[in-house]
Undergrad: 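Sharing a structure below in structure tokens format, with a few things to ask.
A note on names: the letters A, B, ... follow the listed sequences, proteins ahead of strands, and every chain is numbered from 1.
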Protein chains: 2
Amino acid sequence: MSRGRPRNFSRDEALASAMQLFWDKGYDNTSLSDLTRVMGLNPPSLYAAFGSKAQLFIEAVDLYGRTDGAGIWDELETVPTAKAAVHDLLRRTAENFTRRGAPRGCMVVLSAPQMAGGDPEVCDALKLRRLEKQAALERRFERAADEGDLPAGVDCAAIAAYVASLQHGMSIGARDGATRETLLAIADCAAAGWDAMIAAIARPH
Amino acid sequence: MSRGRPRNFSRDEALASAMQLFWDKGYDNTSLSDLTRVMGLNPPSLYAAFGSKAQLFIEAVDLYGRTDGAGIWDELETVPTAKAAVHDLLRRTAENFTRRGAPRGCMVVLSAPQMAGGDPEVCDALKLRRLEKQAALERRFERAADEGDLPAGVDCAAIAAYVASLQHGMSIGARDGATRETLLAIADCAAAGWDAMIAAIARPH
DNA sequence: TCCTTTTTGTATCGATCAATACATAAATCG
DNA sequence: CGATTTATGTATTGATCGATACAAAAAGGA
């Protein structure tokens, strides 16, 4: 069925290696020679299998979202209340961002600067993924409002932006050396203020 | 007194131009040719005046801290209560991050990825400035505890990390296109939950 | 005026970047 | 087998990176 000479490397393993490297060093600071060395193949094989550095990166981000980055969001829909879901999300974030042997913080937040002059294909892919998670938060809160878990008329977009900001900031903190305990304390801070925050936001001003 | 041929450009104006460019495009995405074009001088003049790209960047960050970035932190010590100071800080952040004609978000958070493989001189300078602001928050809360504004025994480091995370995340949000209203809503969320958060954190568990 | 000092503009340095040309090797197909 | 297809390894491409060599220009000091 498959014609031609077979490749003598595992595409999945090579992609996993590239993901680790991009996550650790970021998009710009990862060179083709870094990639070919870690992935164990030569440039023509890399380009034949993945197209370009940018496309390889985007595949790596998708892999990250399905593997290392997935656990954070696993229980957003299943934890019964919005408050508990946010507390769970942020605690999982704290633990995920401080795992031994893995780069600290979120690849989607850290690995490419969202600046003018960067590769738009790469920046837009990351921005899209950040906004998708924020939209997932917003939908979760709207569902909670429908269920009576949150008061009707609560500004779901605002609290989603609040939670997303806090979670994104934890990536910076993790890279700057914050301990797991400190990040867990941040999660607890958010949970501790949650009910009062909801009550104040829901109340017409 | 000053020997030699005088320079025919303003060092301050050139530095201000470099700051704008670094803030907009980030450290890696800003090239020497970008800089010399915007600053209106040739490479030898740039190197004679600023030493290197990294040193120029660090001077630009310091300028940012004294100018565009300063307003955010101006009233941290003067606003009377910790709660009001945080609310003021975050509202100033929201406004500062969405000014017309200026890059969105904080130069100290966004302009260089805190990744392995980056210029350590640059990364460390930015990390130091982030941690200094977080330390300033922590000291402000300790002062509040001394004054009785916050309960004794409150975990000042934890709430400083919480506020810093939220503020850092707002830089990501601003770059991703969040409106001023959305960022102000984040500030209001934090303020709304503040008292309950403090009460919960202070209480021995 | 001549010497020293510093800046200027031009032209370019070696290194590294992402990406390929090319010939060879290894598989299937007929 | 020979023909086709695909992957591989070596070597290299043009572009761009940050940083300089060099000589002319413009100032002060003696």
Side-chain angles (χ1 to χ4, degrees), chain A residues 1-15 17-19 21-22 25-61 111-113 115-123 125, chain B residues 1-15 17-19 21-22 25-61 111-113 115-123 125:
Chain A
M1 44 185 302
S2 70
R3 302 265 300 219
R5 178 176 177 172
R7 47 169 65 105
N8 62 1
F9 65 93
S10 158
R11 194 181 188 279
D12 289 342
E13 288 177 12
L15 179 59
S17 300
M19 186 262 277
L21 195 61
F22 277 133
K25 302 187 64 175
Y27 181 75
D28 287 323
N29 286 330
T30 302
S31 70
L32 258 293
S33 56
D34 290 334
L35 288 165
T36 53
R37 188 184 60 252
V38 168
M39 299 167 78
L41 40 77
N42 293 309
S45 299
L46 189 155
Y47 281 88
F50 298 101
S52 71
K53 183 188 174 188
Q55 291 173 23
L56 170 61
F57 175 79
I58 292 174
E59 279 203 56
V61 171
S111 65
M115 314 297 279
D119 186 325
E121 189 182 1
V122 166
C123 293
Chain B
M1 45 184 302
S2 70
R3 305 260 302 212
R5 177 176 178 171
R7 49 167 67 103
N8 63 0
F9 66 92
S10 159
R11 194 181 189 281
D12 290 342
E13 289 177 11
L15 179 59
S17 300
M19 185 262 277
L21 195 60
F22 277 133
K25 303 186 64 176
Y27 180 76
D28 287 322
N29 286 330
T30 301
S31 70
L32 258 294
S33 56
D34 289 334
L35 288 165
T36 53
R37 188 184 59 251
V38 168
M39 299 167 79
L41 40 75
N42 294 309
S45 299
L46 189 154
Y47 280 88
F50 299 102
S52 70
K53 183 188 174 187
Q55 291 173 23
L56 170 62
F57 175 78
I58 291 174
E59 279 205 53
V61 171
S111 64
M115 313 298 278
D119 185 326
E121 189 182 1
V122 166
C123 294

Undergrad: Looking at A:Arg5, I'd like to know whether one of its side-chain N or O atoms comes within less than 4.0 Å of OP1 or OP2 on D:dT8.
TA: no
Undergrad: Measure from CZ on B:Arg3 to C1' on D:dG29 and round the result to the nearest Å.
TA: 5 Å
Undergrad: Rounded to the nearest Å, what distance is computed from the CZ atom of residue B:Phe57 to the P atom of nucleotide D:dG18?
TA: 13 Å
Undergrad: Remember a base hit wins even if backbone is also touched, and classify A:Thr30 as base, sugar-phosphate or nothing at under 4.0 Å, heavy atoms.
TA: sugar-phosphate
Undergrad: Before giving the answer on salt bridge (charged side-chain N to carboxylate O under 4.0 Å, His left out), spell out for B:Glu59 and B:Arg11 the whole-Å C-alpha distance, their side-chain angles and the decisive distance to 0.1 Å.
TA: CA-CA 11 Å; B:Glu59 279 205 53; B:Arg11 194 181 189 281; 2.8 Å; yes
Undergrad: Map B:Gly4 and B:Tyr27 onto DNA chain D by nearest heavy atom, then report which one ends up closer to the 5' terminus.
TA: B:Tyr27
Undergrad: A:Arg37 has an atom CZ; how far is it from atom P of C:dC17, in whole Å?
TA: 10 Å
Undergrad: Between A:Phe50 (CZ) and C:dA19 (P), how many Å, whole number?
TA: 14 Å
Undergrad: Just by distance, do the side chain of A:Asn42 and the backbone of A:Pro44 share a donor-acceptor pair under 3.5 Å?
TA: no
Undergrad: For the residue pair B:Phe22 and B:Tyr27, categorise the inter-ring angle as parallel (less than 30°), tilted (30 to 60°) or perpendicular (more than 60°).
TA: parallel
Undergrad: Please state how far atom CG in B:Leu32 lies from atom C1' in D:dA19, giving the value in whole angstrom units.
TA: 7 Å
Undergrad: I want to confirm an ordering. Mapping B:Ala48 and A:Gly51 to their closest nucleotides on DNA chain C, which one lands closer to the 5' end?
TA: B:Ala48
Undergrad: Counting any heavy atom closer than 4.0 Å, what does B:Phe9 reach on the DNA or RNA strands: base, sugar-phosphate only, or nothing?
TA: sugar-phosphate
Undergrad: Using only side-chain N and O atoms of B:Ser52, determine if any of them is under 4.0 Å from OP1 or OP2 of D:dG18.
TA: no
Undergrad: Rounded to the nearest 0.5 Å, what separation is found between the NZ atom of B:Lys53 and the CG atom of B:Leu35?
TA: 7.0 Å
Undergrad: Can you measure B:Met39 atom CE to C:dG9 atom P for me and round it to whole angstrom units?
TA: 14 Å
Undergrad: Counting only side-chain heavy atoms from C-beta out, which of C:dA18, C:dA26, D:dC17 sits nearest to A:Pro6?
TA: C:dA26
Undergrad: With distance as the sole test, does A:Thr30 use its side chain to make a donor-acceptor pair with the main-chain N or O of A:Gly26 at under 3.5 Å?
TA: yes
Undergrad: Would you say the side chain of A:Ser52 lies within less than 4.5 Å of the side chain of A:Phe57, judging by non-hydrogen atoms?
TA: no
Undergrad: Quick one, which residues of residues 40-47 of chain A touch DNA chain C with a heavy atom under 4.0 Å?
TA: A:Pro43, A:Pro44, A:Tyr47
Undergrad: If the cut-off is 4.0 Å, is B:Asn8 near the phosphate of C:dT7, judged by side-chain N/O to OP1 or OP2?
TA: no
Undergrad: Could you state the CZ-C1' distance from A:Phe22 to C:dA18, rounded to the nearest angstrom?
TA: 11 Å
Undergrad: With sequence neighbours left out, what residues match A:Arg7 under salt bridge (Lys or Arg N to Asp or Glu O under 4.0 Å)?
TA: none
Undergrad: Whether A:Ser2 contacts C:dT28 is assessed here as follows: a side-chain N or O lying under 4.0 Å from the phosphate OP1 or OP2. Is that the case?
TA: no
Undergrad: Rounding to an integer number of Å, can you tell me how far B:Leu56 CG sits from D:dG18 P?
TA: 11 Å
